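Here is how names work: the chains are called A, B, and so on, in the same order as the sequence lines, proteins then strands, and each is numbered from 1. Predicted model only: the values in this text are computed from it and were never measured.
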Amino acid sequence: MAWRNLWRNKKRTLITAASLYFAVVFAIIMRSMQLGTYDIMIDGAVKSYSGYIQVQDSLYFEEKSFDDLMVYDSTLDSIISTVPNVISALPRLETFSLASTGKKTKGVIVQGIRPESDDLMTGMSRHLQAGEFINSDDRSILVSNRLASYLRVSVGDTVVLISQGYQGATAADQFPIKGIVKIPSPLLDNKLIVMPLALAQEFTNAYDLVTSVAVNIQEKQNMESVWGDVSEKLKDTHLQVLRWTDMDKALKQQIESDDASGVIMLAILYMVIFFGILGTIIMMTSERLREFGVMAAVGMHRSRMAIMMFLETVFIGLLGLIAGSITAIPIIAYYLDHPIRLGGDMAEAYEIYGVEPVMAFSADPMIFVNQFITVLVLMLITLIYPVLKLAKLNIINALRG
Amino acid sequence: MSKVIEINKLNKIYTETAVPVHAVNDLSLSFEQGEFAAIVGPSGCGKTTLLNLIGGLDKPTDGKIWIDGTDITTFSIGQLTDLRLWNIGFVFQAYNLIPVLTARENVEFIMELQHKSKAERRARAEELLVAVGLADRMDVRPSRMSGGQQQRVAVARALASKPKFILADEPTANLDSSSTETLLNIMEELNGKEGTTFIFSTHDSRVMKKARRIITLEDGKVLTDNII
């Protein structure tokens, strides 16, 4: 009966469902674009560089002093590697340095890594622009793409690095370039030099020492559980376990504020839609008060009438939701494979914030689930009116029409 | 014959109006199983109010109504709803069928509320619709029926739950002579066949002619009560 009631006034039902449909399509695509872009931002800054979780000496995190390094040995490696959902532990030695090539000099980040295992997480080798990827025994380096352009160097050229080594030692050496690699984060692409960990330790006189151990995890969704497990295992040490949100607060806040503005925009959209639906529900209720009176007179409980109204509103909601989802899915599927690459001023604006100028999409099922929940909640709120009307229904007055 | 309805010193005073209206005034009555009774009287004499009170659609200001020996004046809204579902059939002046349901579904509707099986509902609905002469209109919606046909469906619906009595408020007011005659014959036949008590409120002399008991009201009181 609820289904038939919907079609008493086809135009009204279709207009109401259509307003929901457009809201759902817009909301799903917008959220997909937002979350996809956040993924790109996080991948660019986190997955391809810091990792989702790092272990650092607690003093190093506070002071960022090259003297507060930590020992990385097989014990620490096995503690981290045996935590569920951890793929591997990636020791790193990172310092700042001056890079010079002839007339050009620039402040850079020098990162010592275990190339083979690190590449499994960062996928850096896939972004090679020229030359070859380094291996653990190499005595050569990778230079990020924009830095190479700035320094006007290419594969085979030599870069001189001058830095401070461990405990005040001077670190200075020259390194041949084995490859030019494009780093997804424009900020890092401007200043990153990567070399094998052993070579970085030799360069900085920090043998067996590292600045951090990045934890390569199975899925980013595992981050909190892995962080908890590793923290538990290292709680009695001087080491500190950090999530990317602890390490890169600026990025976290940038995402949070953008996310909040998106949510507010959707809330306004849904508010407008809500009043449209409420209008329909009020009309559906008012024009049937006499019928409700008859139903009550012949023995139908008001609770059953409320359930009928609930089903009618749910049907309208489902119409909009299902049609909206069916429309949005192929659009998202297309843009998942074909992210929108920005150009011009927009791209520059993105790069200023260190973000790859790409609008990507996300297929996170929660986007759809959230729309379903939102629409369902809106529908439930609109039901308050008919439920109150039914509760106060005066059968005699209703029968009089 | 057992008493189906017993009313004792019933009063209904409407206080919402500027001057309180005493619609039912210290009225006492009773109805027995199988009666075919008409309540008559001028407009405003309290016929509809009395039917509404007997049907549990309205609460009396004072007095008692017993249905099958149970006082319903103390019932809650939910209890009154169940009382109507299981004991009372209604026929309204304006038919009041559910527009989105067919004739058969309208009749089945009450039995569905009673959680009767689909087979039982279907059989009873078809039996009643055949009895009211609508065998060929079972799957038609009310909007495609004449007033007389709709009122016959309403009678079938009222009888569907096998109620103890049927309250019919001016059931022929909107019908032409032919439809009125047909409807009254059907109700008379069903009254005989099913043994259901029928209580009408009416102005219609044709209904009065068919009635076996005529109660005349005036100013909310019983003026005459004649068994014919």
Side-chain angles (χ1 to χ4, degrees), chain A residues 1-14 16-17 280-281 283-316 318-319 386-401, chain B residues 12 14 16 23 48-49 51-59 76-102 105-115 141-143 150 154 156-161 163 166-170:
Chain A
M1 200 196 307
W3 179 253
R4 287 191 201 174
N5 281 331
L6 275 190
W7 304 109
R8 287 174 182 224
N9 190 330
K10 283 182 195 168
K11 275 186 194 165
R12 187 177 61 202
T13 300
L14 287 175
T16 310
T280 300
I281 299 297
M283 278 191 279
M284 279 169 70
T285 308
S286 302
E287 71 190 13
R288 282 159 58 197
L289 279 180
R290 185 194 187 108
E291 205 172 301
F292 290 137
V294 175
M295 290 176 175
V298 300
M300 189 174 192
H301 282 275
R302 287 154 206 246
S303 55
R304 279 192 81 164
M305 287 185 244
I307 290 170
M308 188 174 70
M309 287 299 291
F310 167 75
L311 289 175
E312 287 172 29
T313 51
V314 166
F315 284 147
I316 293 179
L318 285 179
L319 269 179
V387 167
L388 287 178
K389 271 280 178 190
L390 286 170
K392 291 180 184 171
L393 183 74
N394 180 313
I395 300 176
I396 308 284
N397 290 341
L399 287 172
R400 282 189 195 128
Chain B
K12 177 66 185 179
Y14 291 109
E16 297 87 358
T48 302
T49 303
L51 289 192
N52 289 339
L53 292 170
I54 297 171
L57 300 176
D58 207 351
K59 288 261 187 183
S76 66
I77 289 177
Q79 285 174 309
L80 287 172
T81 305
D82 283 332
L83 171 87
R84 292 192 296 270
L85 176 63
W86 293 97
N87 298 286
I88 309 171
F90 287 92
V91 178
F92 303 98
Q93 181 179 337
Y95 329 132
N96 286 337
L97 299 178
I98 297 167
V100 294
L101 302 181
T102 63
E105 289 165 341
N106 263 289
V107 179
E108 284 188 33
F109 178 68
I110 310 285
M111 293 180 278
E112 202 176 331
L113 295 178
Q114 292 177 319
H115 305 292
R141 288 196 186 182
S143 58
Q150 286 187 56
R157 179 179 68 180
L159 281 161
S161 61
I166 286 178
L167 300 173
D169 188 13
E170 308 261 9

**Q** Name, in order of residue number, those residues of residues 77-85 of chain B that have a heavy atom at a distance of less than 4.5 Å from a heavy atom in chain A; otherwise write 'none'.
**A**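 Near chain A, by residue number: B/Ile77, B/Gly78, B/Thr81, B/Asp82, B/Arg84, B/Leu85.
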
**Q** Checking B/Leu57 against chain A: side chain, backbone, both or neither under 4.5 Å from a heavy atom?
**A**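 For B/Leu57, heavy atoms of backbone and side chain both lie under 4.5 Å from chain A.
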
**Q** Does any heavy atom of chain A fall under 4.5 Å from the side chain of B/Glu105, the backbone, both, or neither of them?
**A**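 For B/Glu105, the contact with chain A is made by the side chain alone.
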
**Q** Quick check on B/Lys12: does its NZ atom have over 12 non-hydrogen neighbours (other residues, nucleotides or ligands) under 6.0 Å away?
**A**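 For B/Lys12, atom NZ is crowded (more than 12 foreign heavy atoms under 6.0 Å).
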
**Q** Please list, in residue-number order, every residue in residues 296-305 of chain A that has a heavy atom less than 4.5 Å from any heavy atom of chain B; write 'none' if there are none.
**A**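 A/Ala296, A/Ala297, A/Val298, A/Gly299, A/Met300, A/His301, A/Arg302, A/Arg304, listed by number.
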
**Q** With rounding to the nearest 0.5 Å, note down the distance linking CD in A/Glu291 to CD1 in B/Ile98.
**A**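 Rounded to the nearest 0.5 Å, the CD-CD1 separation comes to 6.0 Å.
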
**Q** May I ask you to name which of B/Gly55, B/Pro99, B/Gly89 has the most heavy-atom pairs under 4.5 Å with chain A?
**A**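 Most pairs with chain A among the choices: B/Pro99.
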
**Q** Apply the test side chain to side chain contact (heavy atoms under 4.5 Å, CB included) to residues B/Leu101 and A/Arg4: give CA-CA distance (whole Å), side-chain angles for both, the deciding distance (0.1 Å), then the verdict.
**A** CA-CA 8 Å; B/Leu101 302 181; A/Arg4 287 191 201 174; 3.8 Å; yes

**Q** Find out whether A/Arg400 and B/Thr48 are in side-chain contact, i.e. whether some heavy atom of one side chain is under 4.5 Å from a heavy atom of the other.
**A**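 With C-beta onward as the side chain, the pair stays apart.
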
**Q** Taking atom CD1 of A/Ile395 and atom CZ of B/Phe90, what is their separation to the nearest 0.5 Å?
**A**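 Between atom CD1 of A/Ile395 and atom CZ of B/Phe90 there are 8.0 Å.
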
**Q** Let's test your reading of the structure: which of B/Arg141, B/Gln114, B/Glu112 forms the most heavy-atom pairs below 4.5 Å with chain A?
**A**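 Heavy-atom pair counts peak at B/Arg141.
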
**Q** Would you compute the distance between atom CG of A/Asn394 and atom CG of B/Asp58 and round it to the nearest 0.5 angstrom?
**A**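 Taking CG in A/Asn394 and CG in B/Asp58, the distance rounds to 7.0 Å.
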
